[in-house]
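Below is one structure, written out as structure tokens; comments come after it.
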Amino acid sequence: MFRTIKTFGEFGRIGEFDTRRGLVKTPTFMPDGTRGVVKSLLPSQVAKTGVQVVLANTYHLHLAPGENVIQELGGVHAFGGWKGPILTDSGGFQVFSLDKHTKITEEGVTFKDPATGDKHFISPEISMQIQLALGADMIVAFDHLIGLDESSQHKTLEAYERTHRWLVRCVTEFKRLTANMKPSERPLLFGVVQGGLDLELRRKSLDLVQASEVDGIAIGGLSVGEPQADMFRVLKALAPHYDNARPRFLLGVGAPADLRFAYEHGIDMADCVLPTRNARHATVWIDGDIKTHLTNARFTKDPLPIDPTCDCYACTNGFSRAFLKHQFKVGEPLAGSLASIHNLRYLSRICEQYRSI
RNA sequence: GCAGAGUUAGUGAAGCGGUCAAACACAACAGACUGUAAAUCUGUCGGCUUUAGCCUUCGUAGGUUCGAAUCCUACACUCUGCA
């Protein structure tokens, strides 16, 4: 149950909710640790940026090392060392990102591993089973996600309908798997809203998800190549219709401007690879949301920290832009780690600014 | 001193008569990245102008040829054998 502490603006809210692994204060940003950990960072470093929840991925952990291995070793928390809440994505995103390697039927999705050629079948039920076995504290229903370029718009309705049929199966399987758990031991299930850029469909999708027995509302299918204005239009249209008792999770959004818009339109939590991937690719955000390539020649002798206004470890411990540029140029992984710390802190600070309104 | 091999754009290295401003790699420069097939990918990379074009380049200087980075001669330098 989501507790609203305060509202701001027309749709924004500050609040908190409980997971079996502890309290989550919102708005919050959750970095993606696809294989169980945030790439290039120690859990302690992630925690110090203000991150409360880390994401992990059903698809990747199912392929290797397998949920059975992780379960035997004590679950994904023990496995990767993250003590706070963990949210697993369902594998639904891979239906989209591995599009060319998948075969979708009503029963589920067959993935052909691009690396090995091995086939893996994931259905709504199997996704629930994997996520429960991994030991996640929040899990996501297995949905059908499509791109939003012109060539795929005709699939919007199909994906929307399938997502809801699959949601029913997810809820049923989830209830079966958690039947013997106390409410305080049970992970939270998020249903996914789809509908592409069709506001009517989006609205219906939200109603359907909110009418089902899910703990949280996830907004999916955005930030998949559509113009920013389209994403904003959808978020704006959904904003007045959310159920106040449940947390709202925007899947896959992480650009500062997008997060701000989302939080101001009723979103409580979001995840994204952007801060950490960009960081490993030498790109950081600097005060004012200025996207900056640290490898640019102009930083060769720059003694300043990444962002003089930032309080992250990298910015307050003497690491100059010149040093980071050099480390990136010579391929030292420390540069990516320091930049990741900075970018995560940058997004956490945005969240903290909203939480302190 | 003799005999071989070599000298190509920032570096390494292809090319061995025309389709060569010259493959490829690295470096350099710029960019992309939004529920991670991503510590990855893309573009530029002789000069001037720029859809096209013009000019100057392949150790140096000559020569052969309609045409040379590619063939010949001389010279310079480098490496490997033999003295």
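Because only heavy atoms are used, hydrogens play no part in the values below, and waters and symmetry mates are left out as well, while side chains stay in. In what follows, chains are A, B, ... by sequence order, proteins preceding strands, each numbered from 1.
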Legend entry - d(CG, A:Leu98; C1', B:A37) in whole Å: 6 Å
Legend entry - Identity of whatever pairs with B:G43 - Watson-Crick or G-U, under 3.5 angstrom: B:C29
Inset, instruction - Would you kindly check whether a donor in the side chain of A:Asp258 faces an acceptor in the base of B:U34, or vice versa, at under 3.5 angstrom? - result: yes
Legend entry - Separation between CG of A:Leu334 and CZ of A:Phe319, rounded to the nearest 0.5 Å: 6.0 Å
Inset, instruction - For B:G35, take OP1 and OP2 only and decide whether either is under 4.0 Å from a side-chain N or O of A:Gln94. - result: no
Inset, instruction - Quick one: label A:Thr276 by what it contacts on the DNA or RNA (base, sugar-phosphate, nothing), any heavy atom closer than 4.0 Å. - result: base
Inset, instruction - Pick the P atom in B:A23 and in B:U19, then give their distance to the nearest Å. - result: 13 Å
Inset, instruction - Specify the residue among A:Leu55 and A:Thr295 whose closest nucleotide of RNA chain B lies further upstream toward the 5′ end. - result: A:Thr295
Legend entry - A:Glu352 CD: over 12 foreign heavy atoms closer than 6.0 Å: yes
Inset, instruction - Taking the side chain as every heavy atom from C-beta outward, state whether A:Lys39 and A:Ser340 have any atom pair closer than 4.5 Å. - result: no
Legend entry - Along RNA chain B (nearest heavy atom to each residue), the more 5'-positioned of A:Glu332 and A:Gly254: A:Gly254
Legend entry - Mate of B:C24 where both pairing distances stay under 3.5 Å, Watson-Crick or G-U: B:G12
Inset, instruction - Spell out, yes or no, whether A:Met269 and A:Leu274 are grouped together once hydrophobic residues are joined by side-chain heavy atoms under 4.5 Å, including indirect joins. - result: no
Inset, instruction - Sort out the partner of B:U57 for me: Watson-Crick or G-U wobble, both distances under 3.5 Å, none otherwise. - result: none
Inset, instruction - Both distances under 3.5 Å, Watson-Crick or G-U wobble: report the partner of B:A38, or none. - result: none
Legend entry - Partner nucleotide of B:C79 by Watson-Crick or wobble geometry (both distances under 3.5 Å): B:G4
Inset, instruction - Would you classify A:His101 as touching base, sugar-phosphate or nothing, given that sugar-phosphate means primed atoms plus P, OP1 and OP2, and contacts are heavy atoms under 4.0 Å? - result: base
Inset, instruction - Would you classify A:Asp271 as touching base, sugar-phosphate or nothing, given that sugar-phosphate means primed atoms plus P, OP1 and OP2, and contacts are heavy atoms under 4.0 Å? - result: sugar-phosphate
Legend entry - Short side-chain N/O contact to B:U36 OP1/OP2 from A:Thr34, under 4.0 Å: yes
Inset, instruction - Give one of base, sugar-phosphate or nothing for A:Gly336, where a contact means two heavy atoms less than 4.0 Å apart. - result: nothing
Inset, instruction - Send over the distance from A:Phe93 CZ to B:A38 C1', rounded to a whole Å. - result: 11 Å
Inset, instruction - Compare the minimum distances between each of B:U34, B:C33, B:A37 and the side chain of A:Asn278, then state the nucleotide with the smallest one. - result: B:C33
Legend entry - Side-chain touch A:Met30/A:Leu87, heavy atoms, less than 4.5 angstrom: yes
Legend entry - Out of B:U34, B:A38, B:A30, whichever nucleotide has its closest atom nearest the side chain of A:Arg35: B:A38
Legend entry - Spacing between A:Trp285 atom CH2 and B:C33 atom P, to the nearest angstrom: 11 Å
Inset, instruction - Tell me whether the OP1 or OP2 atom of B:C33 has a side-chain N or O from A:Lys291 closer than 4.0 Å. - result: yes
Inset, instruction - Identify whether any heavy atom of A:Leu222 sits under 4.0 Å from a base atom; if not, whether one sits that close to sugar-phosphate; answer base, sugar-phosphate or nothing. - result: nothing
Inset, instruction - Give a yes or no on whether A:Asn180 atom CG has more than 12 heavy-atom contacts from other residues, nucleotides or ligands under 6.0 Å away. - result: no
Legend entry - Span that lies between the C1' atom of B:U34 and that of B:U44, in whole angstrom: 27 Å
Inset, instruction - Please work out if A:Val224 contacts a base, only the sugar-phosphate, or nothing of the nucleic acid, heavy-atom cut-off 4.0 Å. - result: nothing
Legend entry - Nearest-Å distance once atom P is located in both B:G15 and B:A52: 29 Å
Inset, instruction - In whole angstrom, give me the gap between the P atoms of B:C26 and B:U40. - result: 11 Å
Inset, instruction - Spell out, as yes or no, whether a donor-acceptor pair under 3.5 Å connects the side chain of A:Ser127 to the backbone of A:Pro124. - result: no
Inset, instruction - Please state the C1' separation for the pair B:C58 and B:G17 - nearest whole angstrom. - result: 15 Å
Inset, instruction - Could you check whether A:Gln194 gets within reach of a base, just the sugar-phosphate, or nothing at all, counting any heavy atom under 4.0 Å? - result: base
Legend entry - Other residues, nucleotides, ligands: >12 heavy atoms within 6.0 Å of A:Glu72 CD: no
Inset, instruction - Could you state the atom-to-atom distance from CG of A:Leu148 to P of B:U34 in whole Å? - result: 13 Å
Inset, instruction - Return the nearest nucleotide to the side chain of A:Asn296; candidates are B:A30, B:U34, B:C33. - result: B:A30
Inset, instruction - Check the distance between B:U36's C1' and A:Leu251's CG and give it to me in whole angstrom. - result: 14 Å
Legend entry - Pairwise C1' distance for B:C29 and B:G46, with rounding to whole Å: 16 Å
Inset, instruction - May I ask you to check whether over 12 heavy atoms, not counting those of A:Glu161, lie within 6.0 Å of atom CD? - result: yes
Inset, instruction - To the nearest Å, give me how far apart NE2 (A:His342) and P (B:A39) are. - result: 20 Å
Inset, instruction - Determine yes or no for a side-chain-to-main-chain donor-acceptor pair under 3.5 angstrom, with A:Thr309 supplying the side chain and A:Asp287 the backbone. - result: no
What are the atom names and distances for every N/O pair under 3.5 Å that joins the protein to nucleotides 40-44 of chain B?
none

Inset, instruction - Looking only at side-chain atoms of A:Asp89, point me to the closest of B:G35, B:A37, B:G31. - result: B:G35
Inset, instruction - Describe the nucleic acid contact of A:Ala297 in one word from base, sugar-phosphate, nothing, applying a heavy-atom distance below 4.0 Å. - result: sugar-phosphate
Legend entry - Base of B:G35 paired with side chain of A:Asp143 (donor-acceptor, under 3.5 Å): yes
Inset, instruction - Specify whether A:Trp166 and A:Phe142 have parallel, tilted or perpendicular ring planes, treating 30° as the upper limit for parallel and 60° as the lower limit for perpendicular. - result: parallel
Legend entry - Separation of B:G31 P from A:Ile290 CD1 (nearest whole Å): 14 Å
Inset, instruction - Establish, with yes or no, whether the OP1 or OP2 oxygen of B:A37 is under 4.0 angstrom from a side-chain nitrogen or oxygen of A:Ser97. - result: yes
Legend entry - Nearest-nucleotide pick for A:His293, side chain only, options being B:A37, B:G35, B:A32: B:A32
Legend entry - OH (A:Tyr313) with more than 12 external heavy atoms under 6.0 Å: no
Inset, instruction - Just name whichever nucleotide pairs with B:U51, Watson-Crick or G-U, keeping both distances under 3.5 Å, else none. - result: none
Inset, instruction - Check whether any side-chain nitrogen or oxygen of A:Lys329 sits under 4.0 Å from OP1 or OP2 of B:C29, and answer yes or no. - result: yes
Inset, instruction - Grab the NE2-C1' distance between A:His60 and B:G35 for me, whole Å please. - result: 10 Å
Legend entry - Rounded C1' spacing from B:C55 to B:C71 in Å: 26 Å
Legend entry - A:Pro333 side chain, from C-beta outward: closest of B:U36, B:A39, B:G31: B:A39
Legend entry - Nucleotide forming a Watson-Crick or wobble pair with B:U70, both distances under 3.5 Å: none
Inset, instruction - Determine the contact category for A:Gly331: base if any of its heavy atoms lies under 4.0 Å from a base atom, sugar-phosphate if only primed atoms, P, OP1 or OP2 are that close, otherwise nothing. - result: nothing
Inset, instruction - Please measure how far the P atom in B:U56 lies from the corresponding atom in B:G81, and state the result in whole Å. - result: 43 Å
